Amino acid sequence: MAIELTRLEEFALITLNRPDALNALSFALIRDLGVRLDDVAKSDARALIITGAGPKAFCAGADIKELTGRGLMAQKQGGEFGQATFAKLDKLPMPSVAVINGYAFGGGLELALACTFRLATRNAKMGTPEIKLGLIPGYGGTQRLPRVVGEARALEMVMTGRTVDAEEAHRIGLVNRLVDGDATAAGVAFAREFSGYSLPVLGFARDAVRRASETPLHEGLKIETDLGTLAFQTRDAAEGMAAFMEKRKPKFEDR
Ligand code: CO8
């Protein structure tokens with residue numbers, strides 16, 4: 001399988017494993033990714049970490065060799081299939097962290113953008129080079145990239161196809177942090193910063209923030225109230241506030 005799913009302590013680790021093709025997203029790989037994301041959703045993992053096999057790439061994008069010579073409807077369905085698979089990341093019951101350990105181009109960057117967080121090694125290089133192929137991003141990039149870096153920067157990246165290095169990616173908020181040393185270990189250390197909190201409440205927080213860029217302010221504020229009220233109903237909220245009063249560490253149980 002071109003996707004490896006393993007357990008790394010309390011976390012799920014998905015490794016894109018086609019290093020000879022810089023982990024390019026063949027349709028078979030995307031199908032396997034969807035199956036593995038379903039497995040992760042059903043697991044008790046506290047977070048999902050995604051990275052790429054080999055020393056060079058997180059993922060060099062859609063498999064260009066597979067894209068040539070396909071009919072119009074096949075391309076449309078291929079785009080929808082990739083979008084639907086990446087959308088599973090938005091719905092996971094646990095946060096996801098893309099560890100960008102090298103190139104992340106086209107669909108590879110789109111996969112990282114669908115994750116809750118992005119970390120990058122200092123040699124990472126990112127971009128949406130589809131325009132150089134006579135294409136535009138097709139796995140969510142035109143929608144998620146502006147939500148992350150703003151319209152002006154997204155337009156520039158998509159319309160020039162230029163490569164953004166790790167420093168710039170960090171500066172413009174495309175990645176949350178730059179990491180040194182063992183990239184997967186850095187992903188684990190990052191996930192530990194939130195993995196002790198209540199998973200359902202983390203989900204409410206993620207969903208509320210994500211809606212900010214999709215809704216007018218008055219509707220977004222209502223969503224915040226609704227999700228905040230749901231958070232208040234959890235036992236974890238009662239435990240968290242009780243622990244504060246009693247000056248002890250809370251013990252969250254995801255309910
Ligand atoms: N697809 C298929 N094979 C690839 C890809 C790719 N995207 N990228 C690299 N490879 C293969 C190469 O062909 C090569 O294989 P081989 O050894 O058999 O020739 C191997 O990986 C190593 O690649 P390079 O020799 O090119 O490695 P370099 O270090 O010289 O260069 C780069 C690395 C800069 C990353 C270079 O490989 C590159 O530019 N790759 C293409 C990047 C790109 O354009 N990505 C966007 C693809 S399009 C897309 O993602 C979205 C399209 C919308 C899809 C929706 C419709 C269904």
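When a ligand or atom number is given, it counts from 1 through the structure's own listing order. Predicted, not measured: the structure shown is a model, and the values here were computed from it. Just so it is clear, the values below take in all heavy atoms, side chains as well, and ignore hydrogens, waters and symmetry mates.
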| Close aromatic pair by centroid cut-off 6.0 Å: Phe86 and Phe81 | no

| With a 6.0 Å cut-off on ring centres, are Phe190 and Phe117 close enough? | yes

| said: Below 4.0 Å, non-hydrogen atoms only: which portion of Ala60 touches ligand 1? Side chain, backbone, both or neither. | reply: both

| request: Mind checking whether Gln75 contacts ligand 1 via backbone (N, CA, C, O), side chain (CB onward), both or neither, at a 4.0 Å heavy-atom cut-off? | output: both

| What is the nearest protein non-hydrogen atom to atom 53 (C) of ligand 1, stated with its residue, atom name and distance? | Gly138 N, 3.8 Å

| message | Could you identify the single nearest non-hydrogen protein atom to atom 12 (C) of ligand 1 and state the distance to 0.1 Å? | response | Lys65 NZ, 4.2 Å

Per-atom contacts, ligand 1 versus [X] - under 4.0 Å to a heavy atom:
{"X": "Tyr139", "result": "54 (C), 55 (C), 57 (C)"}
{"X": "Gly79", "result": "57 (C)"}
{"X": "Lys56", "result": "27 (O), 28 (P), 29 (O)"}
{"X": "Asp20", "result": "20 (C), 21 (O)"}
{"X": "Gly61", "result": "50 (O)"}
{"X": "Asp63", "result": "1 (N), 2 (C)"}
{"X": "Gly107", "result": "49 (C), 50 (O)"}
{"X": "Ala24", "result": "1 (N), 2 (C), 6 (C)"}

Is it true that the side chains of [X] and [Y] contain a donor and an acceptor less than 3.5 Å apart?
{"X": "Thr116", "Y": "Ser96", "result": "yes"}
{"X": "Asp236", "Y": "Thr234", "result": "no"}
{"X": "Asp63", "Y": "Ser26", "result": "no"}

| message | Check this for me: does any side-chain nitrogen of one of Arg211 and Glu219 sit under 4.0 Å from a carboxylate oxygen of the other? | response | no

| task | Run the salt-bridge test on Arg162 and Glu156 with the 4.0 Å N-O cut-off and return the result as yes or no. | result | yes

| field | Contact bool for atom 19 (O) of ligand 1 (protein heavy atom, d < 4.0 Å) | value | no

| query | Would a search of protein heavy atoms around atom 25 (O) of ligand 1 find one under 4.0 Å away? | reply | no

| request: With side-chain hydrogen bond (donor to acceptor under 3.5 Å, both in side chains) as the test, would you mind laying out the steps for Thr15 and Asn17 before giving the verdict? | output: CA-CA 6 Å; Thr15 307; Asn17 192 14; over 6 Å; no

| task | For ligand 1, find out whether one of its N or O atoms is nearer than 3.5 Å to an N or O atom of Ala62. | result | yes

